[in-house]
There are 4 protein chains.
Amino acid sequence: MPRHQNTKEKILESALKLFSEKGIRETTIKDIAKDVGITEGAIYRHFVSKDQIVSTLFSTYAERLYEELISVVEEKTLIENRFFKLVKTFLNFCFDNPQAFKFINLFHYLRAEEVKNFQNLPKDALMKFMDEGFKKGIIKVRRELALAMVVGTLERTFLLVEGGIIEREAGLEEELAEVLWKAITYQ
Amino acid sequence: MPRHQNTKEKILESALKLFSEKGIRETTIKDIAKDVGITEGAIYRHFVSKDQIVSTLFSTYAERLYEELISVVEEKTLIENRFFKLVKTFLNFCFDNPQAFKFINLFHYLRAEEVKNFQNLPKDALMKFMDEGFKKGIIKVRRELALAMVVGTLERTFLLVEGGIIEREAGLEEELAEVLWKAITYQ
Amino acid sequence: MPRHQNTKEKILESALKLFSEKGIRETTIKDIAKDVGITEGAIYRHFVSKDQIVSTLFSTYAERLYEELISVVEEKTLIENRFFKLVKTFLNFCFDNPQAFKFINLFHYLRAEEVKNFQNLPKDALMKFMDEGFKKGIIKVRRELALAMVVGTLERTFLLVEGGIIEREAGLEEELAEVLWKAITYQ
Amino acid sequence: MPRHQNTKEKILESALKLFSEKGIRETTIKDIAKDVGITEGAIYRHFVSKDQIVSTLFSTYAERLYEELISVVEEKTLIENRFFKLVKTFLNFCFDNPQAFKFINLFHYLRAEEVKNFQNLPKDALMKFMDEGFKKGIIKVRRELALAMVVGTLERTFLLVEGGIIEREAGLEEELAEVLWKAITYQ
DNA sequence: CATGAATGAGTCTTCATTCAT
DNA sequence: GATGAATGAAGACTCATTCAT
């Protein structure tokens with residue numbers, strides 16, 4: 001009868017892994033419990049419901065990505081430098097937390113309405129950046145399209161890397177950042 | 001949009017609607033039957049299982065989009081013209097069949113492994129195009145990144161339109177096509 | 001695989017029996033299903049929840065007793081005759097539906113608050129009678145106490161018969177009616 | 001009403017309150033522990049099981065009421081006086097320990113069989129009294145019915161007071177005692 | 001004595017699927 | 001082809017009880 005010190009963390013970890021691999025509904029509490037190495041009932045000492053686990057994961061990781069992005073956006077450096085750093089930060093987050101990133105996307109698909117209840121979403125940070133660039137006349141494409149382009153490209157790149165179609169090699173971030181920067185700032 | 005030809009079609013139509021709105025697992029056979037206006041048992045006259053409905057929907061729509069794209073790719077016209085037409089075709093498909101497009105994406109998230117069993121996926125058509133453009137030296141960005149950029153941008157644009165963040169106005173397709181074309185062909 | 005014509009009735013019957021014998025919470029859906037001869041899932045084709053079974057039983061029997069009592073109360077006969085008939089009706093109901101009567105009492109103990117949502121409760125019929133008798137000056141004890149006396153005595157008599165302490169012999173109703181009538185109409 | 005002497009007493013107090021308010025099965029060990037201000041495990045330092053708490057409460061209060069009643073029954077005073085005192089004692093117990101009285105009744109409904117294992121139940125004291133009165137020719141109604149009448153009336157009066165239908169005013173006991181005494185001793 | 005995490009056996013409920021009609 | 005009652009295998013959640021600390 002093991003007594004873990006950090007069961008709550010382990011539950012979140014296992015849940016994230018399973019949710020991102022199989023889907024939320026298709027992952028059972030039993031699956032999670034088994035992965036953690038405890039019994040189903042024990043889960044409920046740490047979370048009141050499966051849904052709370054789901055919400056906790058979403059808000060945790062969505063906010064974490066937002067924080068990382070917004071701190072770059074708010075740096076007092078040249079906008080172009082910040083853009084390059086932003087792309088790097090975004091992709092690093094994806095590759096460092098592939099399960100979290102997939103889960104965030106899945107959550108958006110399955111709980112579109114619920115997403116609106118959360119604040120500080122990653123796209124808010126990026127939108128702020130596009131806003132600034134557009135107002136300063138540096139970004140030429142209107143900010144919504146610039147957002148779609150940057151987020152869409154980075155997200156799809158990540159998925160293609162995951163799918164084995166793109167190889168993750170050094171310099172990928174710079175390559176993408178450069179292409180994207182030109183794309184949104186062309187004269 | 002076909003109108004209630006026969007029961008089998010109606011089932012697929014209702015299922016697609018519900019799957020895209022609520023998710024696959026969260027839509028029951030009863031939900032579908034009720035939406036069609038028949039009873040649960042009747043569904044099984046037309047499909048051997050819920051899973052068959054899911055697979056049928058995926059292959060139908062993934063293939064339909066592929067067909068539309070490949071027919072443009074294989075046209076004997078100037079590559080730039082084909083690119084503009086490709087963007088238009090892709091976005092038209094999304095906006096004409098938003099449920100189908102959302103469902104295809106959802107399927108990719110929940111059944112990543114299964115997707116590999118299908119042939120003629122939309123990305124294959126686009127990949128073929130990028131391949132040609134890259135070999136001809138017109139597309140400068142390597143084809144995988146060009147694919148990520150185009151697909152990602154278009155997909156994300158659709159989602160932002162759905163989310164009410166981008167407005168769908170006339171000229172949107174041209175605007176995007178232009179930006180994307182420049183982005184992947186910059187010298 | 002038997003197909004019953006009146007499964008819903010059988011469920012109510014089995015549930016009433018088990019609830020009155022063991023209590024509501026201590027009777028499981030499985031117990032009921034087993035008693036009916038079906039599986040647990042089948043219960044839910046007829047009732048949306050266990051609670052609906054409970055409520056249905058309460059309202060059915062509470063109302064049935066009320067109907068029987070009120071029809072006597074509203075007869076156009078001598079008040080004393082009506083009283084005798086009322087006692088007989090009440091006891092007959094108890095002895096004919098001992099499970100229902102026990103269940104009604106149990107429900108009162110466990111769901112006191114919920115009882116207030118129901119209309120046409122047995123006590124309302126009796127209260128109406130006491131009211132009339134008191135206003136006419138025939139019943140001397142104030143109506144609330146008369147109600148307590150009559151209901152309390154009859155209920156307790158039933159329970160003592162059930163417990164084997166009182167024997168249910170012919171004339172019991174008249175004996176009780178006589179004593180109670182004297183008790184509430186003494187000069 | 002004793003005030004928090006020791007943990008064991010506090011547990012019994014909280015359990016009695018919760019059982020009478022919500023029911024036995026619907027009150028959890030955690031509920032009790034929280035009400036006492038300790039944790040679940042601590043309960044088991046004082047009682048081997050939830051059931052032991054239940055039994056302890058029943059025997060404690062059933063016996064307490066029995067003791068109070070029997071001591072009146074066995075007084076060497078005029079039978080009529082003792083009857084009046086008996087009614088007062090019974091009602092006082094109800095009003096002073098409403099939770100205990102409700103719990104005793106609930107226990108009777110849910111554990112009818114088990115009740116037979118207990119000795120010195122309240123009704124035994126009253127039965128002894130009725131027996132004496134009947135043998136002496138003072139009580140004219142046979143003792144079982146007299147018991148049903150007295151217990152039923154008092155119990156129902158208590159419940160109607162609890163339900164807000166009868167007001168508990170000074171003299172209520174005498175009023176009831178008088179009516180009941182006449183009822184069981186009429187010529 | 002007390003804590004509270006964990007167990008494990010339920011309990012209610014859901015739902016894809018079957019099948020008698 | 002259609003119906004809808006029934007099955008049966010989960011699934012989420014509960015809770016009395018145990019036990020390491």
Side-chain angles (χ1 to χ4, degrees), chain A residues 1-8 10-11 25-33 36-53, chain B residues 6-8 24-34 36-54, chain C residues 1-8 10-11 25-33 36-53, chain D residues 6-8 24-34 36-54:
Chain A
M1 273 148 245
R3 305 275 143 162
H4 304 301
Q5 51 288 70
N6 248 4
T7 306
K8 189 162 187 168
K10 286 195 193 176
I11 291 169
R25 201 61 172 266
E26 21 286 286
T27 298
T28 70
I29 289 290
K30 198 170 204 152
D31 290 336
I32 299 170
V36 174
I38 54 178
T39 56
E40 295 166 82
I43 302 270
Y44 291 90
R45 183 155 287 275
H46 303 280
F47 296 94
V48 305
S49 67
K50 179 180 176 181
D51 214 65
Q52 198 197 26
I53 300 178
Chain B
N6 58 51
T7 306
K8 189 161 186 169
I24 298 172
R25 200 66 170 250
E26 22 287 282
T27 297
T28 69
I29 289 289
K30 196 167 195 165
D31 289 337
I32 298 171
K34 192 178 288 174
V36 173
I38 54 178
T39 56
E40 304 153 85
I43 301 270
Y44 290 88
R45 287 270 148 203
H46 303 280
F47 296 93
V48 305
S49 67
K50 181 180 176 180
D51 212 66
Q52 198 196 27
I53 301 178
V54 174
Chain C
M1 274 147 246
R3 304 275 144 164
H4 303 301
Q5 52 288 69
N6 248 3
T7 307
K8 189 162 187 167
K10 285 195 192 177
I11 291 170
R25 203 61 173 267
E26 22 286 286
T27 297
T28 70
I29 290 289
K30 198 170 205 153
D31 290 336
I32 298 171
V36 173
I38 54 179
T39 55
E40 294 168 81
I43 302 270
Y44 290 89
R45 182 155 287 277
H46 303 280
F47 296 93
V48 305
S49 67
K50 180 180 176 181
D51 213 66
Q52 198 196 27
I53 301 178
Chain D
N6 58 50
T7 306
K8 188 161 187 170
I24 297 171
R25 200 66 169 248
E26 22 285 284
T27 298
T28 69
I29 289 290
K30 195 167 195 165
D31 289 336
I32 299 170
K34 192 178 290 175
V36 172
I38 55 178
T39 56
E40 305 152 84
I43 300 271
Y44 289 86
R45 287 273 149 200
H46 303 279
F47 296 93
V48 305
S49 67
K50 181 180 176 180
D51 213 66
Q52 197 195 28
I53 300 178
V54 174

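Here is how names work: the chains are called A, B, and so on, in the same order as the sequence lines, proteins then strands, and each is numbered from 1. What you see is a predicted model, and the numbers here were worked out from it, not measured in a lab.
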Sequence-distant partners of C/R45, salt bridge (Lys or Arg N to Asp or Glu O under 4.0 Å), two or more places apart: B/E40
Positions of residues 37-44 of chain B (non-hydrogen atom under 4.0 Å from DNA chain F), listed by number: B/I38, B/T39, B/G41, B/A42
Pairing stems for DNA chain F [at least three consecutive pairs; Watson-Crick or G-U; under 3.5 angstrom]: E:2-21 with F:2-21
Counterpart residues, side-chain contact (heavy atoms from CB on, under 4.5 Å), relative to B/K34 (two or more places apart): none
With sequence neighbours excluded, residues passing side-chain contact (heavy atoms from CB on, under 4.5 Å) with D/E26: C/R25, C/L110, D/K22
Separation of the P atoms in E/dC1 and F/dT21, to the nearest angstrom: 23 Å
Nearest-angstrom distance from the residue atom CD1 of D/I29 to P of F/dT18: 11 Å
Selection: residues 45-54 of chain B, any non-hydrogen atom under 4.0 Å of DNA chain F: B/R45, B/H46
B/N6 CG - F/dA2 P separation (whole Å): 10 Å
Those residues that, when tested against C/S49, pass side chain to side chain donor-acceptor pair (under 3.5 Å) (two or more places apart): none
Short side-chain N/O contact from D/T7 to OP1 or OP2 of E/dA2, under 4.0 Å: yes
Stepwise side chain to side chain contact (heavy atoms under 4.5 Å, CB included) test for C/I43 and C/I53: CA-CA 10 Å; C/I43 302 270; C/I53 301 178; 3.9 Å; yes
side-chain contact (heavy atoms from CB on, under 4.5 Å) involving D/T39 - partner list, sequence neighbours excluded: D/A42
Note, D/I32 side chain near D/T28 side chain (heavy atom, < 4.5 Å): no
Euclidean distance, atom CD of residue D/E26 to atom P of F/dA16 [Å, nearest integer]: 11 Å
Whole-Å gap separating C1' (F/dT14) and CZ (D/R25): 11 Å
